[in-house]
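Read through the structure below, which is laid out as structure tokens, and then see the notes.
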Amino acid sequence: MRLTEPLRTERLILRLFTSGDLEAVYDMQSRPEVARYLYWSPRDRDGAAESLREKLKCSRIEVEGDILNLAVVRASGGPVIGDMMLHYVSAGHRQAEIGYILHPDAQGEGLATEAARALVDLAFRELGAHRVFGQIDARNTASARVLERVGMRREAHLVENEWVKGEWTDEVIYAVLADEWVHPARPEAGNP
């Protein structure tokens with residue numbers, strides 16, 4: 001699966017990252033509140049630059065294990081406000097995982113839900129996924145609400161299953177199956 005043109009939603013454009021996105025990536029990844037529930041700590045400029053170099057390599061899904069990283073920008077313009085990830089976890093089981101971060105200044109507007117919905121739809125339509133899931137730190141209630149609004153159900157709560165940043169953490173798994181997926185309205189032809 002190769003993204004030949006950006007995904008468009010009502011208010012957002014999801015596109016491949018470019019080298020010009022470094023300032024926006026650094027602005028997001030340097031914030032403690034963004035990294036709080038993630039495996040990495042706030043990044044300095046060099047760390048953000050390395051992260052962006054990795055994102056530039058993640059531009060298509062061809063085989064199991066591949067990751068597609070997409071930058072989220074407002075349709076009205078401006079810098080990158082989010083980072084979406086689609087990971088093709090298993091070809092045999094047709095499983096895909098989504099992940100996301102959103103700039104704190106863009107939170108509370110339903111934008112994470114809008115972007116996540118587009119990514120889940122892409123996984124079912126283009127990747128042929130049977131199941132799409134998200135794994136989050138159990139303390140991240142805002143992210144749980146996003147996955148619930150997308151239409152995922154809470155499937156598991158794993159207790160102290162990971163050692164992250166010096167402490168045991170719980171993980172919650174949400175998922176939706178292809179035959180349960182309710183396709184979002186498409187305001188324009190060709191949009192997810």
Side-chain angles (χ1 to χ4, degrees), residues 1-17 37-39 54-55 57-73 75 80-102 106-107 109-138 140-159 161-162 170-192:
M1 180 186 76
R2 182 182 297 266
L3 195 65
T4 57
E5 59 185 57
L7 300 177
R8 296 179 185 277
T9 68
E10 183 180 345
R11 300 177 292 168
L12 300 171
I13 297 172
L14 283 66
R15 60 160 174 82
L16 296 175
F17 278 92
Y37 299 120
L38 301 174
Y39 294 116
E54 290 302 312
K55 290 177 189 318
K57 296 176 190 175
C58 297
S59 61
R60 64 186 170 274
I61 294 179
E62 295 178 344
V63 298
E64 179 178 298
D66 282 353
I67 294 173
L68 176 67
N69 275 122
L70 298 175
V72 180
V73 296
V80 171
I81 60 166
D83 178 353
M84 303 298 293
M85 179 271 306
L86 179 62
H87 178 200
Y88 192 30
V89 176
S90 172
H93 300 292
R94 294 176 33 217
Q95 306 276 323
E97 177 186 10
I98 66 164
Y100 45 87
I101 62 173
L102 196 67
Q107 293 176 2
E109 301 176 46
L111 299 175
T113 301
E114 190 172 322
R117 187 174 288 125
L119 204 58
V120 172
D121 196 58
L122 181 70
F124 287 130
R125 282 187 307 107
E126 300 295 328
L127 195 55
H130 167 70
R131 178 175 175 270
V132 178
F133 65 94
Q135 302 177 103
I136 61 171
D137 185 302
N140 193 345
T141 56
S143 192
R145 285 191 302 273
V146 167
L147 296 175
E148 290 166 358
R149 285 192 299 258
V150 165
M152 292 187 179
R153 81 181 144 276
R154 183 175 167 157
E155 290 188 338
H157 183 129
L158 308 175
V159 178
N161 69 311
E162 293 186 313
D170 290 10
E171 182 178 36
V172 178
I173 300 171
Y174 285 82
V176 62
L177 300 176
D179 63 1
E180 300 169 327
W181 181 241
V182 177
H183 297 280
R186 292 187 174 98
E188 299 173 29
N191 286 346

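Start at 1 with the first residue, then count along the sequence. Any value given below was found using the heavy atoms of this structure, including those in side chains, with hydrogens, waters and symmetry copies removed.
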Using every non-hydrogen atom in the two residues, find where [X] and [Y] come nearest and quote the distance to one decimal.
{"X": "A118", "Y": "T9", "answer": "CB-CG2, 3.7 Å"}
{"X": "G82", "Y": "L102", "answer": "CA-CD1, 4.0 Å"}
{"X": "F133", "Y": "A175", "answer": "CB-CB, 3.8 Å"}

For [X], give me all partners under salt bridge (Lys or Arg N to Asp or Glu O under 4.0 Å), at least two apart in sequence or on another chain.
{"X": "E114", "result": "R11"}
{"X": "E64", "result": "none"}
{"X": "R145", "result": "none"}
{"X": "D137", "result": "R139"}

[Y] and [X], any side-chain heavy atoms less than 4.5 Å apart:
{"X": "L68", "Y": "L122", "value": "yes"}
{"X": "R131", "Y": "E155", "value": "yes"}
{"X": "R15", "Y": "V80", "value": "yes"}
{"X": "L111", "Y": "I81", "value": "yes"}
{"X": "W181", "Y": "R117", "value": "yes"}
{"X": "V72", "Y": "Y100", "value": "no"}

side-chain hydrogen bond (donor to acceptor under 3.5 Å, both in side chains) partners for Y88, two or more places apart: none

Partner set under side-chain hydrogen bond (donor to acceptor under 3.5 Å, both in side chains) for Q107, not counting sequence neighbours: none

Inter- and intrachain pairs under salt bridge (charged side-chain N to carboxylate O under 4.0 Å, His left out), touching residues 85-99, at least two apart: none

List for me each residue that meets side chain to side chain contact (heavy atoms under 4.5 Å, CB included) alongside [X], sequence neighbours excluded, and say none if there are none.
{"X": "L158", "value": "A156, N161, E171, I173"}
{"X": "Y174", "value": "I136, A144, L147, E148, M152, R154, V172"}
{"X": "H93", "value": "S90, Q95"}
{"X": "A96", "value": "L86, A123, L127, A129, V132"}

Side-chain (Y37) to main-chain (T141) donor-acceptor, under 3.5 angstrom: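 Flag not set: sc Y37 to bb T141 has no pair under 3.5 Å.
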
